[in-house]
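Worksheet: the structure to be examined is printed underneath.
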Amino acid sequence: MKRVLSGIQPTADSFHLGNYLGAIKQWVALQDTHDAFYCVVDLHSLTVDVDPKLMTERTLKSVAQLIALGLDPNRCTIFVQSHIHQHNQLAWIMECLAGFGEASRMTQFKDKSQKAGSDRTTVGLFTYPLLQAADIMLYQANLVPVGEDQRQHIELTRDLGQRFNSRYGDTLVVPEPYIMKAGAKINDLQDPTAKMSKSAASQSGVIDILDEPSINIKKIKSAVTDTGREVTFDEAEKPGISNLITILSSLTSKSQSEIEKEFSGKGYGDFKGEVAQAVADYFSPIRNRSLELLTSKSELAEIIKAGAKKAEVVAEATLAKVYKNLGLLPRKGSE
Ligand code: TRP
């Protein structure tokens, strides 16, 4: 089986609908066809200001939600990045392999550092993609399921893997990007031309998985719609309705054209009511399971512990090979 690895930052109190349909739903599918490793990348979230209490809480919430959304610890490896020290160790090797100019060309770094200004841009933000390259190659992953916005980081990872192998001998698997379908791109309910994002100015267009169903029903019922009355898919002319059609068809087995047919002549009100209900029905049990895992902390702790154990075996083997091929002197008694 080919190996996949992906990561998600624990930077919010809840994952949102866009995280689920754009990424996590594909992760769930991949666990049956691949040897899958999924990582809550807490170290990556240190590149911006940290609130220690929130950090712990959000890490636990992230793992709980991943499980409630369908990642099965028996069919994949779920772990917390900071539990595996080898990520930082391989990241340093990546930092010594990457060129300063090469890292400076990362568009995500350029955007974020420009917004923050140089005094508030951490060195960690600059080396972020090198830690990401380490995350991926530490597990010798063949595929990295990510959104389009991560393509450049995966290209950098490939370049670094090839560079390492050509200088020091075949050591690291050079991964392929597995860019997730644009069809699963979910937009903000209040600004349906922008991607649903936790950093949106207002949260009224963002569906949080851990929110009470009644809140999400309200948000969907007040979603921005478009002029006209027909429920038809047309991203240019009807971005609001098209977004809601995508949401409904992703959460049910109904196709776009079935939805159009079902609501022909019925108007937006009925349609939004159905989308709202579908979202509530889909996420209620997931929310309940997440909250259950978060209250009965021992089950969650066991899962996290077991995940780290599985991940560590692979990570240690890769790092040992990397150190050996670099000619780092083995510590006596540890061979
Ligand atoms: N940078 C990724 C994002 O923001 C998160 C991430 C960190 C990641 N390490 C990774 C994704 C390794 C895939 C593989 O979405």
Side-chain angles (χ1 to χ4, degrees), residues 2-12 15-16 18-28 30-31 34-48 55 58-59 62-63 65-66 71 76-91 94-95 98 103 106-113 115 122 124-161 172-180 182 184-186 195-199 307 311 314-315 318:
K2 288 201 168 176
R3 184 168 289 156
V4 305
L5 178 132
S6 198
I8 192 159
Q9 290 197 39
T11 42
F15 292 141
H16 59 67
N19 297 136
Y20 176 60
L21 293 177
I24 299 164
K25 194 168 174 226
Q26 278 82 330
W27 293 12
V28 173
L30 284 165
Q31 68 186 339
H34 290 74
D35 179 17
F37 284 71
Y38 298 121
C39 180
V40 173
V41 290
D42 54 349
L43 296 173
H44 276 107
S45 67
L46 300 178
T47 51
V48 292
M55 189 72 175
R58 288 172 170 178
T59 301
S62 298
V63 180
Q65 287 175 93
L66 290 176
L71 291 187
C76 69
T77 304
I78 307 170
F79 65 103
V80 175
Q81 184 188 33
S82 65
H83 290 180
I84 311 297
H85 307 309
Q86 288 83 356
H87 288 252
N88 306 69
Q89 294 171 304
L90 187 59
M94 295 297 131
E95 287 170 35
M106 293 297 112
T107 56
Q108 214 166 58
F109 171 72
K110 286 199 283 187
D111 291 349
K112 288 190 178 169
S113 58
K115 275 186 203 143
T122 62
L125 197 63
F126 184 64
T127 58
Y128 178 114
L130 304 167
L131 178 58
Q132 184 170 352
D135 295 343
I136 296 166
M137 293 195 286
L138 194 53
Y139 297 92
Q140 307 282 21
N142 304 99
L143 287 180
V144 188
V146 284
E148 181 59 41
D149 65 333
Q150 294 296 309
R151 188 187 287 277
Q152 198 187 26
H153 289 170
I154 310 303
E155 286 305 325
L156 176 67
T157 302
R158 289 173 54 80
D159 289 344
L160 295 171
L172 298 168
V173 171
V174 177
E176 301 279 343
Y178 176 91
I179 303 295
M180 294 179 292
K185 207 180 108 217
I186 302 303
K195 200 171 141 183
M196 188 176 283
S197 158
K198 66 175 186 307
S199 47
V314 182
T318 307

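Remember, it's 1-based here, ligands and their atoms both numbered in the order they're listed. Throughout, residue positions are numbered sequentially from 1 according to the sequence presented. Quantities reported herein were computed from a predicted structural model and do not represent experimental measurements.
The residue Leu131 has no part lying near ligand 1, judged by heavy-atom distances below 4.0 Å. Proximity of Ile8 to ligand 1, defined as any heavy-atom pair under 4.0 Å, is not found for any part of the residue.
Close contacts of ligand 1 with Val41, meaning ligand atoms under 4.0 Å from a residue heavy atom, involve 7 (C), 9 (N). Listed by number with element, the atoms of ligand 1 under 4.0 angstrom from any heavy atom of Leu5 are 12 (C), 14 (C). Counting the atoms of ligand 1 from 1 in the order shown, those under 4.0 Å from a heavy atom of Val144 are 13 (C), 14 (C). Taking a cut-off of under 4.0 Å to the non-hydrogen atoms of His44, the atoms of ligand 1 that pass are 7 (C), 9 (N). When each atom of ligand 1 is checked for a heavy atom of Val146 under 4.0 Å away, the hits are 11 (C), 13 (C). Short contacts between ligand 1 and Ile136, defined as distances under 4.0 Å to a heavy atom of the residue, involve ligand atoms 12 (C), 14 (C).
Of the protein's heavy atoms, Asp135 OD2, 2.7 Å lies nearest to atom 9 (N) of ligand 1. From the protein, the heavy atom lying nearest to atom 2 (C) of ligand 1 is Gln150 OE1, 3.4 Å.
Panel note: side chain Tyr38, backbone Trp27; a donor-acceptor pair is recorded below 3.5 Å. Remark: the backbone N or O of Leu43 is paired with a side-chain donor or acceptor of Gln81 at under 3.5 angstrom. In this structure, the side chain of Gln152 engages the main chain of Thr107 through a donor-acceptor pair within 3.5 Å. A donor-acceptor contact shorter than 3.5 Å links the side chain of Thr122 to the backbone of Thr47.
For the pair Leu5/Gln140, no side-chain contact is recorded, criterion being any heavy-atom separation below 4.5 Å from C-beta on.
The residue from Gln132, His87, Gln81 that puts a heavy atom closest to atom 8 (C) of ligand 1 is Gln132.
The shortest N or O to N or O distance between Tyr128 and ligand 1 is below 3.5 Å.
If you take CG on Leu160 and CE on Met137, they are separated by 5.5 Å, rounding to the nearest 0.5 Å.
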